[in-house]
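Scope of the values below: all heavy atoms of this structure, side chains included, with no hydrogens, waters or symmetry mates.
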Amino acid sequence: MVVVMKSGASDQQVQAVIDRIRDCGMEAHVSKGTERTIIGLVGDERQVDFDSIAALAGVEQAMPILRPYKYVSRNVHPETVTIQVGDVSVGKELVFMAGPCSVEDEDTTLRIAEAIRKAGAQVFRGGAYKPRTSPWSFQGLREEGLRILSKVRDETGMPIVTEIMDAADIQIVGEHADVYQVGMRNMRNYTLLNELGNTSKPVLLKRGDSATLEEWLAAADYIFRNGNHGVILCERGIRTFENYTRNTLDLSAIPAARSEACLPVLADPSHGTGRADLVEPMSKAAVAAGADGLMLEVHTEPQRAWSDGRQTVTPEALRNIIDACRRIRDIQA
Ligand code: PEP
Ligand code: MN
């Protein structure tokens, strides 16, 4: 952190800043210019309450130098973490996670799972606990949905990724899921992130729809620093002024997150656009931008999906997307 004192700040005010920095266990490096005094804080500033220094008398500006995350940073962890999900090494090979928005009745879900497996997806996605904007919308089959997901794994061999909304559900969801999904609404649920950091299953962490890249990576750091290094990031679109699409898929966040953090980055063009017709072009764009894989909403009859039908593609469309993305990946090699 660099503290810039106001011009005319008194010696006592400068000393009070130095004392506060030392109270926090850090060293202060003072540089007296002709007009202003600048104080550099030497040590890990993340442990210092920023406001307690910025609010001191005579301080004009206090600027953080370090990022709000540490362990997921490539500075600390230069190699990309690879995460084994079933037969796929996420971070090394392209991964396609696909399935309906919500887990539906057993027959329909199994039918979809078989179709997406044949289309080339390696991981099945489906929400049993659904975080819906309106309390009147379908909230998911919950435990019955988890049971159906286990059946999908037994019958198709595909690993399962499903959303967890509450730290109290870690045990029950973990009995059925291979990967915990943290949705955009819960990216800031720090109790949940901390608890998932104490588990050994991979976590797919979606970006909050109003989260900056730094906030998203700081959320990942909650999980990583507790010992769970299996964090997969997922860019799923952010809110902008544009309402032609449901969200604005932030393509630039894909290479940015990959160069900043040691974690694989997926894209979700289904929630990222909200429109089935845009899913294929944005899937290709995401892989061209360096995405390590995609999460896609797929249903054998999108018009009958229990949720998010408008952004859901068919297994046939999924096959085309996978073929096209693999060709794009081959060109990059
Ligand atoms: C989902 O994947 O079904 C979902 C609810 O996504 P998000 O959290 O990105 O809205
Ligand atoms: Mn959905």
Side-chain angles (χ1 to χ4, degrees), residues 1-81 184 187-191 193-194 197 205-226 229 231 233 235 237-242 248 250-263 265 289-290:
M1 185 189 302
V2 173
V3 183
V4 181
M5 301 301 295
K6 286 185 177 148
S7 67
S10 67
D11 287 350
Q12 289 94 314
Q13 287 174 334
V14 172
Q15 193 54 48
V17 173
I18 296 169
D19 291 346
R20 179 63 57 83
I21 290 172
R22 292 195 178 138
D23 285 349
C24 296
M26 311 281 141
E27 279 305 309
H29 187 277
V30 183
S31 152
K32 262 192 165 38
T34 49
E35 287 188 30
R36 276 160 207 273
T37 299
I38 293 175
I39 307 168
L41 184 146
V42 185
D44 191 341
E45 67 184 32
R46 295 182 191 89
Q47 290 156 34
V48 178
D49 178 39
F50 191 72
D51 282 348
S52 78
I53 293 174
L56 290 174
V59 172
E60 180 164 294
Q61 240 189 334
M63 294 169 286
I65 302 291
L66 298 177
R67 307 250 190 247
Y69 49 86
K70 183 171 179 175
Y71 296 109
V72 300
S73 157
R74 285 215 186 258
N75 296 335
V76 172
H77 212 290
E79 294 293 308
T80 304
V81 172
M184 71 87 175
M187 188 213 85
R188 297 179 204 268
N189 181 342
Y190 300 118
T191 308
L193 301 178
N194 259 325
L205 178 64
K206 290 189 142 193
R207 178 182 182 182
D209 66 348
S210 66
T212 63
L213 189 74
E214 277 197 350
E215 289 163 344
W216 185 25
L217 299 185
D221 225 29
Y222 270 91
I223 305 168
F224 205 90
R225 74 170 180 158
N226 279 3
H229 294 182
V231 184
L233 298 170
E235 160 60 39
I238 52 173
R239 273 206 181 179
T240 66
F241 56 82
E242 179 56 81
T248 298
D250 182 5
L251 283 175
S252 61
I254 298 167
R258 286 177 91 249
S259 75
E260 195 55 42
C262 62
L263 306 173
V265 182

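Side chain of Arg188 to main chain of Gly208: no donor-acceptor pair is present (N/O by atom type, distance under 3.5 Å, no hydrogens or angles). A donor-acceptor pair is defined here as one N or O able to donate and one able to accept, closer than 3.5 Å; such a pair exists between the side chain of Glu45 and the backbone of Ile65. No donor-acceptor pair closer than 3.5 Å links the side chain of Glu79 to the backbone N or O of Val81. Formation of a donor-acceptor pair under 3.5 Å by the Arg20 side chain with backbone atoms of Ser52 is found in this model. Between the side chain of Arg46 and the main chain of Tyr69, a donor-acceptor pair closer than 3.5 Å is present.
Side-chain atoms of Leu193 and Asn226, non-hydrogen and from C-beta on, never get closer than 4.5 Å to each other. With a 4.5 Å cut-off on side-chain heavy atoms, Leu41 and Val3 do not count as touching. Here the side chains of His29 and Val2 are not in contact, with every heavy-atom distance at 4.5 Å or above.
Scanning both residues, Ala218 and Pro68, for their nearest heavy atoms gives CB-O, 3.9 Å. Here the shortest heavy-atom pairing between Arg207 and Glu235 reads NH1-OE1, 2.8 Å. Residues Ala62 and Phe50 come closest through the heavy atom pair O-CZ, 2.7 Å.
For the atom pair Ile53 CD1 and Ile18 CD1, the distance stands at 11.5 Å (nearest 0.5 Å). Distance CE/Met5 to CD1/Ile39: 5.0 Å, rounded to 0.5 Å. Atom CD1 in Ile254 sits 11.5 Å away from atom CG in Leu213 (nearest 0.5 Å). Arg258 contributes atom CZ, which lies 11.0 Å from atom CG of Leu263 (distance to the nearest 0.5 angstrom). Distance CD1/Ile238 to CE/Met184: 12.0 Å, rounded to 0.5 Å. Atoms SG and CE, from Cys24 and Met26 in turn, are 6.5 Å apart once rounded to the nearest 0.5 Å.
Around the CD atom of Glu35, the shell of radius 6.0 Å holds no more than 12 heavy atoms that belong to other residues, nucleotides or ligands. The number of heavy-atom neighbours closer than 6.0 Å to OH of Tyr71, taken from other residues, nucleotides and ligands shown, is 12 or below.
For Glu60, the salt bridge (Lys or Arg N to Asp or Glu O under 4.0 Å) test picks out Arg36, with sequence neighbours left out. In this structure, the ring pair (Phe, Tyr, Trp, His ring centres under 6.0 Å) partners of Tyr190, at least two apart in sequence or on a different chain, are Tyr222.
Note: His77 and Phe224 have perpendicular aromatic rings, judged against thresholds of 30 and 60 degrees for the angle between ring planes.
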Is there a side-chain contact (heavy atoms from CB on, under 4.5 Å) between Arg67 and Glu260? Walk through the geometry before answering. CA-CA 10 Å; Arg67 307 250 190 247; Glu260 195 55 42; 3.3 Å; yes

Between Leu56 and Gln13, does a side-chain contact (heavy atoms from CB on, under 4.5 Å) hold up when you go through it step by step? CA-CA 8 Å; Leu56 290 174; Gln13 287 174 334; over 6 Å; no

Which is it for Val231 and Val72 under the side-chain contact (heavy atoms from CB on, under 4.5 Å) test, yes or no, and what are the steps along the way? CA-CA 9 Å; Val231 184; Val72 300; 5.9 Å; no

Starting from the C-alpha separation in whole Å, work towards a yes-or-no answer on side-chain contact (heavy atoms from CB on, under 4.5 Å) for Thr80 and Arg74. CA-CA 8 Å; Thr80 304; Arg74 285 215 186 258; 2.9 Å; yes

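Of the N and O atoms on the side chains of Thr248 and Asp250, not one donor lies less than 3.5 Å from an acceptor on the other residue. In the model, Asp11 has no side-chain atom that pairs as donor or acceptor with a side-chain atom of Gln15 under 3.5 Å.
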